[in-house]
Amino acid sequence: MTDNKEVRVRFAPSPTGALHIGGGHTALFNWLWARHNNGKFILRIEDTDLVRSTKEYEETIMSGMKWLGLEWDEGPDIGGNFGPYRQSERLEIYRDYANKLVNEGKAYKDGEAIIFKVEHGQDISFKDIVYGQIDVMSDGLKEKDSDKLKDIVIIKSDGMPTYNYAVVIDDHLMNITHVIRGEDHISNTPKQILIYRALGWEVPEFAHLPMILGRDKKKLSKRHGATSIYEYRDMGYMPDSMFNFLALLGWSAGDDKEIFDREEAANLFELSRVTKKAAVFDFDKLNHINQEHLKRLDPSVRLSMIKPFWIEAGLPVDSHSDKFLADSLTLMAGRGQTAKEMAEFSDYFVSFEPVKKRWNSDDLDKEKLKEFFTAIFGSPEWKAEKLEDIARDFVASHEGAKMKEYAMPLRFALTGMKVSPGIFEVAELLGKEECEKRVKYFGLM
RNA sequence: GGUCUCAUCGUCUAGUGGCCAAGGACACAGCCCUUUCAAGGCUGCGGCGCGGGUUCGAAUCCCGCUGAGACCGCCA
């Protein structure tokens, strides 16, 4: 890394499913390293599994990456100088090099397939940027439950290249300088090194990333619930939060900074600081990070994050100004950890209907409250401070009265909830007319 | 079974031989604030897997053990 060769990294998913957490994590670290070094981030689609690969998944993966903010510099959709970027379009290339290996006696045909020969006694150790020195001898590449050395299939009977072979050809031809991928690929690396050598190519740098585990410390899978990045969007997590959270799985800046944006992360990122231990995906932490980002959002941006969830709940967002809606969310500050929660907790700003549904007046002393509400609505100015002053005066002038005895019913009537921001502020924002309508509807005045 | 890897609070982590009677964050508990709930502030709980070395000195280096994981496919 002392040379000043441009850093080129790639994310190479196979389109056999949506972008999942593990894939997003890998893509993210590649992106980080590219941006940190002012290098290039390449997207390559590994669609050599004819049966499982689909165009739809390829598109989902790409939009998932875009959602996370991981834009690539070269890829199947935008091209580049090292294409094509879809393995199914590079078949002749794989074929040519495979034939070359056959001609040189380094591989042999077996029916339609081509197999790479593995010789005994070869040192196929390598130095990983994250894991350090990894020592392996070719004699270890045995068949399961046998002493027989296993040769490597490079071209399958259907004419498609295998993963371990295609990845070498592509990474070399695309000038990839750093191969950054999941730790589950460490065992594949020595095999790939064998192929690099047979072709006389320089081996790139390798950096393997720790796995992401579920709560039970098992590899993250569907059993653990949401695995697709999109499911998190639908649950109300924001892309900036997912980015931040994922970046913290296996990496830290070294100081105590834990909430950051993409640019800050790219500046601070170092492969040498990546952790070796598999990390457990912790929802509590994700929630916290999401909440922090939610708090920091610009009001108009925050509104754009929440709106879809109000709409989904069938609330009439169009009957309000964006200013009003954004102000109501500002008032919600700190309440709710996801966009979805925040939308649920603030529905009464958008509509009176959910309030009616929640209403339950069983234990209210309506006569006592009428006097209070009359005083409140007698306020010359509909301002939170004024309303609160009136409420306090009212409480002070009534023997044994407590603020909560009046504030809570007001909260119930206005929001239908036991919990809300300061109720006088809510009242101010809702406006006198709307408040009066709600209170009268419930017969409290 | 073979090969490889990993091991600091429940979780994410800081820590690369002395500054560590191990720091931060999340979670949890308590207190303060308060019309409620959050937010915020403060306090607390809680960890170097075990055993041997090396060293004046080890969470940090070495060995063994134990535990966990990955890979061993004409899947990627």
Side-chain angles (χ1 to χ4, degrees), chain A residues 12-17 46-53 87 110-115 125 128 130-132 134-147 150 152-167 181-191 208 210-211 213 215 217-219 245 248-259 273 275-289 291-292 295 332-337 341 345 388 391-392 395 402-412 415 417-424:
Chain A
S14 63
T16 54
E46 311 218 326
D47 55 349
T48 55
D49 183 338
L50 265 11
V51 263
R52 297 195 302 145
S53 300
Q87 291 190 325
D110 178 13
E112 294 300 302
I114 300 181
I115 322 280
S125 304
D128 189 278
V130 173
Y131 286 88
I134 292 177
D135 293 315
V136 192
M137 292 299 286
S138 62
D139 303 60
L141 301 181
K142 288 175 186 145
E143 252 176 44
K144 197 170 184 178
D145 299 324
S146 149
D147 284 339
K150 193 141 206 226
I152 302 167
V153 175
I154 57 177
I155 300 286
K156 302 182 258 181
S157 300
D158 64 2
M160 299 302 262
T162 56
Y163 165 75
N164 279 125
Y165 169 67
V167 84
R181 75 235 301 191
E183 189 239 67
D184 46 344
H185 285 293
I186 286 184
S187 327
N188 286 323
T189 307
K191 298 175 202 164
H208 288 89
M211 300 272 83
L213 276 24
R215 263 239 171 275
K217 305 219 177 182
K218 294 273 193 291
K219 192 172 172 179
F245 173 69
L248 249 17
L249 250 30
W251 175 75
S252 78
D255 54 16
D256 292 335
K257 192 173 177 58
E258 290 204 315
I259 304 296
R273 289 194 56 83
T275 296
K276 301 184 213 184
K277 199 181 85 174
V280 172
F281 185 100
D282 182 16
F283 261 98
D284 288 331
K285 186 90 172 192
L286 206 213
N287 286 335
H288 172 255
I289 289 176
Q291 184 168 36
E292 289 299 318
K295 278 196 288 194
M332 289 296 294
R335 268 160 275 248
Q337 295 190 300
E341 276 186 357
F345 298 168
E388 185 168 347
R392 288 197 187 287
V395 169
K402 292 230 175 66
M403 179 63 112
K404 74 191 303 186
E405 295 168 32
Y406 298 96
M408 281 311 275
L410 175 57
R411 171 167 288 114
F412 274 127
T415 71
M417 293 182 157
K418 292 178 299 214
V419 163
S420 83
I423 197 57
F424 300 111

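Quick caveat: nothing in here was measured; it's all calculated off a predicted structure. Throughout, a chain's letter reflects where its sequence line sits, starting with A, and its residues are numbered from 1.
Comparing the same atom, C1', in B/rA22 and in B/rA59 gives a spacing of 8 Å after rounding to whole Å. Distance check on atom C1': B/rU60 versus B/rG41 gives 35 Å, rounded to whole Å. The same atom, P, is picked in B/rC50 and in B/rU8; the two are 12 Å apart, to the nearest Å. B/rG46 and B/rU13 are spaced 23 Å apart, taking the P atom of each and rounding to whole Å. Rounded to a whole angstrom, the distance from the P atom of B/rU43 to that of B/rG51 is 34 Å. Straight-line distance between the P atoms of B/rG24 and B/rG2: roughly 44 Å, to the nearest whole Å.
A/Phe281 has its CZ atom 17 Å from the C1' atom of B/rU13, to the nearest Å. Put simply, CG on A/Asp128 is 11 Å from P on B/rU5, counting in whole angstrom units. A straight line from NZ of A/Lys277 to C1' of B/rA59 spans 13 Å, rounded to a whole angstrom.
Pairing for B/rU54 is absent, judged as Watson-Crick or G-U wobble with the two contacts each under 3.5 Å.
Annotation for A/Glu112: atom CD does not count as buried by contact number, only 12 or fewer foreign heavy atoms lying within 6.0 Å. Sparse packing is recorded around NZ of A/Lys404, with 12 or fewer heavy atoms of other residues, nucleotides or ligands lying under 6.0 Å away.
For A/Arg215 and A/Asp282, the salt-bridge test passes: some basic side-chain N is under 4.0 Å from an acidic carboxylate O.
The main-chain N or O of A/Lys277 is never found under 3.5 Å from a side-chain atom of A/Thr275 such that the two would form a donor-acceptor pair. Formation of a donor-acceptor pair under 3.5 Å by the A/Asp128 side chain with backbone atoms of A/His208 is found in this model. Proximity of a side-chain donor or acceptor of A/Thr162 to a complementary backbone N or O of A/Ile155 within less than 3.5 Å is not detected.
A/Leu286 comes within 4.0 angstrom of no nucleic acid atom, judged by non-hydrogen atoms across all strands. Using a 4.0 Å heavy-atom cutoff across all strands shown, A/Arg273 reaches sugar-phosphate atoms only and no base atom.
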Reading nucleotides 30-46 of chain B from 5' to 3' and marking B where a protein heavy atom lies under 4.0 Å of the base, S where only the sugar-phosphate is that close, and - otherwise, the string is -----BBBBSS------
Whether each nucleotide of nucleotides 66-76 of chain B has a protein heavy atom under 4.0 Å at its base (B), only at its sugar-phosphate (S) or at neither (-) is summarised, 5' to 3', as ---SBSSSBBB
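With ring centers used as reference points, A/Phe283 lies under 6.0 Å from A/Phe281.
When distances are taken from the side chain of A/Glu258 to each of B/rA14, B/rC4, B/rG24, the shortest belongs to B/rG24.
A donor-acceptor contact under 3.5 angstrom links the side-chain atoms of A/Lys285 to the base of B/rA25.
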